[in-house]
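Predicted model only: the values in this text are computed from it and were never measured. Note on naming: letters A, B, ... go to the chains in the order of the sequence lines (proteins, then strands), and numbering restarts at 1 for each one.
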Protein chains: 2
Amino acid sequence: MANQANSHQCHSMPQINCSSCRLNTLCLPISLEMKDIGKLDEIIQRGRPIQKGDRVYHAGDKFRSVYAVRSGAIKTISNTQDGQEQITGFYLPGEIIGMDGLANNSHSNTAIALETSAVCEIPFARLEELSTQLPSLQRRFFQLMSKEITNDQQLITLLSKNNADQRIASLLLSISARNHSRGLSLEDFYLPMSRSDIGNYLGLTIETVSRVFGRLHKNEIIQLDKKHVKIIDMPALRNLAFTSEKH
Amino acid sequence: MANQANSHQCHSMPQINCSSCRLNTLCLPISLEMKDIGKLDEIIQRGRPIQKGDRVYHAGDKFRSVYAVRSGAIKTISNTQDGQEQITGFYLPGEIIGMDGLANNSHSNTAIALETSAVCEIPFARLEELSTQLPSLQRRFFQLMSKEITNDQQLITLLSKNNADQRIASLLLSISARNHSRGLSLEDFYLPMSRSDIGNYLGLTIETVSRVFGRLHKNEIIQLDKKHVKIIDMPALRNLAFTSEKH
DNA sequence: CGGGTCATTGAGTCAGCTCAAGGCTCGTGG
DNA sequence: CCACGAGCCTTGAGCTGACTCAATGACCCG
């Protein structure tokens with residue numbers, strides 16, 4: 001299934017392989033040599049753009065692939081026993097989704113596009129096979145899964161120990177830092193998700209999210225116009241997120 | 001470093017290799033063939049018992065190994081930026097710890113024994129190498145990491161969506177089920193951790209944990225004598241954990 | 001222009017927190 | 001053998017941050 005370039009081309013993302021992708025210092029290929037990136041490229045399937053609300057995979061689907069976010073933004077949702085939805089992560093370009101499916105050979109989460117997005121599908125059986133030949137790819141994938149674990153554990157800590165202000169501040173800083181690593185602004189960005197998504201993710205109600213944003217705005221820590229965020233006072237935001245003054 | 005059996009023997013666990021370990025249907029060797037288990041055995045280092053409070057590894061330590069819990073119980077703790085501690089997991093025999101260390105090549109958590117325990121140390125470099133030769137071992141390790149991810153996500157959901165009663169009920173059911181998978185009783189077991197550990201893990205204060213236990217006891221859902229738990233009304237406990245009646 | 005979605009703002013409530021006191025258990029030393 | 005202290009746990013009383021409920025505002029799309 002070698003990739004016959006142009007038939008798959010996506011107008012928003014004209015590059016067609018990992019070697020030329022501007023995200024290849026973040027994504028799966030990191031630490032691979034050029035010739036090995038070529039091998040990886042051969043197994044990756046680049047799909048057409050997916051629209052806001054479309055699903056990349058659905059909870060219960062047989063696990064076949066993991067996916068690299070190429071553009072846009074994706075949320076992953078896990079369903080509780082009693083039918084509630086919990087957002088377990090927001091994923092930006094260069095990040096990998098779908099690793100939840102390995103445990104039971106079926107996805108435990110649903111992945112939904114927050115805006116028009118593109119993903120690279122990486123069939124897992126072929127990635128697995130290639131990993132036995134390329135130790136650095138195997139290592140890289142282990143690392144990505146470990147990163148996912150440590151991210152989840154940070155969220156656990158956030159939910160367990162931090163109040164509403166600290167949770168929102170941490171989320172803003174996380175998105176800011178991840179944007180920055182992709183060469184975008186540290187202070188000025190758009191939130192791809194709704195207030196309701198933020199509340200669900202952080203274990204808060206939509207009203208609380210709104211009030212905290214209002215407070216951050218009033219205290220001149222951020223500027224806010226709907227989903228457009230400008231961080232005005234980065235030290236104050238960091239102080240808010242990382243200092244435990246419950247009072 | 002082939003294992004010269006008896007020198008390492010631990011009196012509480014006379015079996016000395018994976019092939020004869022009663023946990024080998026839970027632990028890393030699952031799905032490996034007999035001869036492959038032998039290869040895995042050769043790289044595993046079995047340590048002497050560790051005492052309550054001893055550390056298996058410490059946050060910041062260079063990542064060298066993952067560890068299989070052989071007996072006893074281990075908690076893992078992650079430190080927040082401002083010096084608080086968050087327990088991210090309790091690990092029982094047959095479960096693997098240390099996979100947090102892969103992401104940055106140094107452990108982000110500290111692992112501490114909750115009681116006298118024994119662990120099998122699995123040097124990661126050798127596991128990695130062996131994984132390129134044994135695809136089913138590679139797959140197994142991917143699965144274990146994925147399982148860790150889905151476990152963490154369940155905890156996220158618990159913290160984000162469930163009240164104190166539901167959190168405690170879920171923890172009891174989780175320990176009960178994991179004991180059961182090791183051939184122990186579903187209804188009757190000892191909690192290896194303190195009330196304070198439970199509170200830390202579940203994002204509750206020690207007082208709340210105590211009150212919830214009192215309530216479960218009063219409602220004749222569990223019997224409780226210090227750390228000894230007997231589940232009397234399993235359906236009621238399940239109903240409590242899995243039903244969203246916030247009122 | 002009307003209807004739907006999403007966000008903001010206000011008022012009152014409550015689950016779990018804080019603070020405080022006291023009980024149980026176990027090990028140590030007189 | 002008992003007294004004492006240290007940990008750990010339980011119980012009570014009052015407080016508060018985030019929730020619920022409700023109303024209103026802003027924007028988009030047909």
To the nearest Å, give me how far apart [atom1] ([X]) and [atom2] ([N]) are.
| X | N | atom1 | atom2 | value |
| --- | --- | --- | --- | --- |
| B:L158 | C:dG16 | CG | C1' | 15 Å |
| A:N162 | D:dA18 | CG | P | 11 Å |
| B:L191 | D:dC8 | CG | P | 16 Å |
| A:R195 | C:dT9 | CZ | P | 11 Å |
| A:I168 | C:dT8 | CD1 | P | 11 Å |
| A:I206 | D:dT20 | CD1 | P | 12 Å |
| A:L159 | D:dG17 | CG | C1' | 16 Å |
| A:L202 | D:dA18 | CG | C1' | 14 Å |

Is a side-chain donor-acceptor pair under 3.5 Å present for [Y] with [X]?
| X | Y | result |
| --- | --- | --- |
| B:T157 | B:S160 | no |
| B:T88 | B:S78 | no |
| A:Q153 | B:N109 | yes |

Check: A:F189 and A:I231 side chains under 4.5 Å, non-hydrogen atoms: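 Sidechains of A:F189 and A:I231: in contact.
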pair B:F90-B:I175: side-chain heavy atoms closer than 4.5 Å: no
Please give the angle, rounded to 10 degrees, between the axes at the start and the end of the helix from C:dC1-D:dG30 to C:dG30-D:dC1, where five pairs define each axis.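 End axes: 30° apart.
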Examine C:dC17: is either OP1 or OP2 under 4.0 Å from a nitrogen or oxygen in the side chain of B:T208? Give yes or no.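 Yes, such a contact exists.
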Below the 4.0 Å mark, does D:dC19 have OP1 or OP2 next to a side-chain nitrogen or oxygen of A:T205?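 For D:dC19, OP1/OP2 do have a side-chain N/O of A:T205 under 4.0 Å.
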Apply the test ring pair (Phe, Tyr, Trp, His ring centres under 6.0 Å) to residues B:Y57 and B:Y67: give CA-CA distance (whole Å), side-chain angles for both, the deciding distance (0.1 Å), then the verdict. CA-CA 10 Å; B:Y57 52 84; B:Y67 303 82; 5.8 Å; yes
Let's see if you can work this out: which of D:dC9, C:dT8, D:dG12 has an atom nearest to the side-chain heavy atoms of B:E207?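 Taking heavy atoms from C-beta onward, the closest nucleotide is D:dG12.
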Contact check, residues 214-227 of chain B vs DNA chain D, heavy-atom distance under 4.0 Å, returns B:K227
Where do A:E95 and A:R178 land on the salt bridge (Lys or Arg N to Asp or Glu O under 4.0 Å) test, with the steps shown first? CA-CA 10 Å; A:E95 299 172 344; A:R178 286 148 74 196; 2.9 Å; yes
Quick one: closest heavy-atom pair of B:I77 and B:E85, and the distance? CG2-CB, 3.7 Å
What are the two closest non-hydrogen atoms of B:I50 and B:V119, and how far apart are they? CD1-CG1, 4.4 Å
Heavy atoms under 4.0 Å, any strand shown: does A:G203 hit a base, just sugar-phosphate, or nothing?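 Contact class for A:G203: sugar-phosphate only.
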Identify, between B:M193 and B:R211, the residue whose nearest nucleotide on DNA chain D lies closer to the 5' end.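 The residue closer to the strand's 5' end, by nearest nucleotide, is B:M193.
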